[in-house]
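Okay, structure first, notes after.
Chain A is the first sequence line, chain B the second, and so forth, proteins listed ahead of strands; every chain is numbered from 1.
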2 protein chains.
Amino acid sequence: MSSTDTPKTSFKQRMLQVREDAIIHAVNRLLAEKGFEAMTVDEVAAQVGIAKASLYKHFSSKEDLAAAAIVRGMRRAQNFIGGLPSEAPPLENLRAVVRWLLEVKLAGDMPILPSQSSSLRATLMVNSDYMDSLMAISDRLEKWIEAAQTRGELSQRLPTIAILFTLFACASDPVVEFLQMGGRFTDEQITDIVLATYFEGINAR
Amino acid sequence: MSSTDTPKTSFKQRMLQVREDAIIHAVNRLLAEKGFEAMTVDEVAAQVGIAKASLYKHFSSKEDLAAAAIVRGMRRAQNFIGGLPSEAPPLENLRAVVRWLLEVKLAGDMPILPSQSSSLRATLMVNSDYMDSLMAISDRLEKWIEAAQTRGELSQRLPTIAILFTLFACASDPVVEFLQMGGRFTDEQITDIVLATYFEGINAR
DNA sequence: GTCTATAATCAGATAGAC
DNA sequence: GTCTATCTGATTATAGAC
């Protein structure tokens, strides 16, 4: 009995998971492309190829929909950061994180963060998955920043928190889109340029 | 006749101008606070203290409303830049521009630029007042950037256009809001921190 | 769980009296 | 030009059959 039942429900759950993955993927692309306000639930449904009402069986609101995509993004960031060698120089790891963020962004996979007052912001603030990921990432990066400052590799005149925010801000840096729009630079060049402005600044050295 | 008529129409026009200034001021604050999509025409009307229908006698659409505020901002920037001493070192003038932008932003007077696909973007692109200001500002800044690069004060490894975009991007830099939100820094400290990250970078020197 | 059809709401824009 | 009242369309969300 259970030998036949268990695979059956497992299969169903797998299909459900696949469907939800497809939804989140579509949401992620739309968030990256036009942001939360401009994205409509109709678009999401159309892109996934299901009816809008079906979406609401999986997620109870537009905010939940977006939150799911953003939480997935945070988890990925957490995984990437967790996979970095803790014995490596902290500055190197920090550069790797920014490089990774820029690559995700250049690939059009970076969901827009709610920089201003938005219903999404409120939803995220009470989402413990989101907040946990955010805290975990912040802690890890902050330790590396402090270590790099102690070693004299990062500026000791800048507050640690300001450097942390600067790294986070790269997720929504409009310079990337600007440079991409012109079409005069490859993705690798854009990555190098933005990395250089963050770490070395625009002044000559 | 004309001696009594002229002041009369002039007075009316002045009142009209004052009213439109009040509208644009309200729009500017709302754009700075919540951005174009989140701002509603009802809010603007309420804040100015007139009926929504009256707004539409002055501006024919929400986009026009926002464009007027943004164009005023561009004009102000143009005036500020035009008032800088052309004999001063170019790097000094560029720093003054960024400092001014940050001060406007910290005062809550920086209307959010349409970084992503938006109906406002399209409106601005065909608004010759906006485009003219943008071109004038870009030209001026670009010349200073090139001059500073030639003098070896700004990095010669970075494309001029990338530096220009970086300066523009400070208008929508979320780090400013983040640092402001925490309440641990004064406006002057925030200005200094952000200026330092832009020009000197986060690396130690 | 998925669909079609529809409710409910909200925001941009307008009509028409004054 | 300003107002009140209204229209129109878009968008989030749900009802109910299958």
Side-chain angles (χ1 to χ4, degrees), chain A residues 8-24 26-27 30-31 33-70 112 114 116-124, chain B residues 8-24 26-27 30-31 33-70 112 114 116-124:
Chain A
K8 210 170 180 182
T9 56
S10 173
F11 177 74
K12 266 189 190 171
Q13 286 182 345
R14 210 169 315 198
M15 291 310 292
L16 191 78
Q17 188 60 45
V18 168
R19 169 61 51 89
E20 293 204 343
D21 281 352
I23 294 172
I24 291 181
V27 170
L30 285 168
L31 283 179
E33 188 189 323
K34 45 209 306 185
F36 178 71
E37 336 272 337
M39 174 186 86
T40 71
V41 180
D42 286 284
E43 279 175 320
V44 178
Q47 193 148 327
V48 179
I50 64 176
K52 181 165 51 171
S54 303
L55 274 187
Y56 280 92
K57 295 285 181 182
H58 293 274
F59 302 94
S60 62
S61 72
K62 185 187 175 185
E63 283 77 16
D64 275 10
L65 212 51
I70 290 177
I112 298 292
Q116 51 216 27
S117 93
S118 152
S119 58
L120 178 55
R121 233 189 132 83
T123 300
L124 285 175
Chain B
K8 210 170 179 184
T9 56
S10 173
F11 177 74
K12 268 189 187 171
Q13 287 182 347
R14 211 171 313 201
M15 290 310 293
L16 190 79
Q17 189 58 45
V18 167
R19 169 62 52 89
E20 293 204 344
D21 281 352
I23 295 173
I24 291 183
V27 170
L30 285 168
L31 283 179
E33 187 189 324
K34 44 210 304 187
F36 177 70
E37 337 271 337
M39 173 187 87
T40 71
V41 179
D42 286 285
E43 279 174 321
V44 178
Q47 193 147 328
V48 179
I50 63 176
K52 180 162 57 166
S54 303
L55 273 187
Y56 280 93
K57 296 285 181 184
H58 293 274
F59 302 94
S60 62
S61 73
K62 185 187 176 186
E63 283 77 16
D64 275 10
L65 212 50
I70 291 177
I112 298 290
Q116 52 217 26
S117 92
S118 153
S119 58
L120 178 55
R121 234 189 131 83
T123 299
L124 285 175

Check your understanding: What salt bridge (charged side-chain N to carboxylate O under 4.0 Å, His left out) pairs are there with at least one residue in residues 45-65 of chain B, not counting sequence neighbours?
Key -> B/Asp42-B/Lys52
Revision key, fill the gap. Rounded to whole Å, the CD1-C1' distance (A/Ile23 to C/dG1) equals 11 Å
Point to revise | Separation of atom CD1 in A/Ile50 from atom P in C/dC3, rounded to whole Å | key: 6 Å
Practice item. Round to the nearest Å and state the distance from A/Phe11 atom CZ to C/dG1 atom C1'. Key: 15 Å
Check your understanding: Considering residues at least two apart in sequence or located in another chain, which fulfil the side chain to side chain contact (heavy atoms under 4.5 Å, CB included) criterion with A/Ala69?
Key -> A/Ile24, A/Val27, A/Asn28, A/Leu31
Polar pairs (N or O, both sides) under 3.5 Å between protein and nucleotides 10-14 of chain D?
unit_1: D/dT12; atom_1: OP1; unit_2: A/Lys62; atom_2: NZ; d: 3.1
unit_1: D/dT12; atom_1: OP2; unit_2: A/Val41; atom_2: N; d: 3.0
unit_1: D/dA13; atom_1: OP2; unit_2: A/Tyr56; atom_2: OH; d: 2.8
unit_1: D/dA13; atom_1: OP2; unit_2: A/Lys62; atom_2: N; d: 2.9
unit_1: D/dA13; atom_1: N6; unit_2: A/Lys52; atom_2: NZ; d: 3.2

Check your understanding: Once you round to the nearest 0.5 Å, how far does CD1 of B/Ile112 lie from CG of B/Leu30?
Key -> 11.5 Å
Review point. What integer distance in Å separates A/Leu55:CG from C/dT4:P?
Key: 13 Å
Practice item. Starting from the first five and the last five pairs of the helix from C/dG1-D/dC18 to C/dC18-D/dG1, work out the angle between the resulting helix axes, to 10 degrees. Key: 20°
Review point. Atom NE2 of B/His58 and atom P of C/dA13: how far apart are they, to the nearest Å?
Key: 16 Å
Revision key, fill the gap. Shortest non-hydrogen pair, A/Phe59 vs A/Ala68, comes out as CE2-CB, 3.6 Å
Check your understanding: Within the structure, does a side-chain N or O atom of B/Ser54 lie under 4.0 Å from either OP1 or OP2 of D/dC3?
Key -> yes
**Study point:** Atom-to-atom span, CD of A/Gln17 to P of C/dG1 - whole angstrom
**Key:** 12 Å
Practice item. Report the residues that fulfil side chain to side chain donor-acceptor pair (under 3.5 Å) with B/Glu20, sequence neighbours left out, ordered by chain and then residue number. Key: B/His58
Practice item. Heavy atoms only: give me the nearest B/Ala67-B/Leu120 pair and the separation to one decimal. Key: N-CD1, 4.2 Å
Revision key, fill the gap. Heavy atoms of B/Val44 and B/Leu65 approach each other most closely as CG1-CD2, 4.3 Å
**Study point:** Of the listed nucleotides C/dT2, C/dT4, D/dC3, the one nearest the side chain of A/Ala51
**Key:** C/dT4
Review point. To the nearest 0.5 Å, how far apart are CE in B/Met39 and CD in B/Glu43?
Key: 8.0 Å
Practice item. To the nearest 0.5 Å, tell me how far A/Phe36 CZ sits from A/Leu124 CG. Key: 9.0 Å
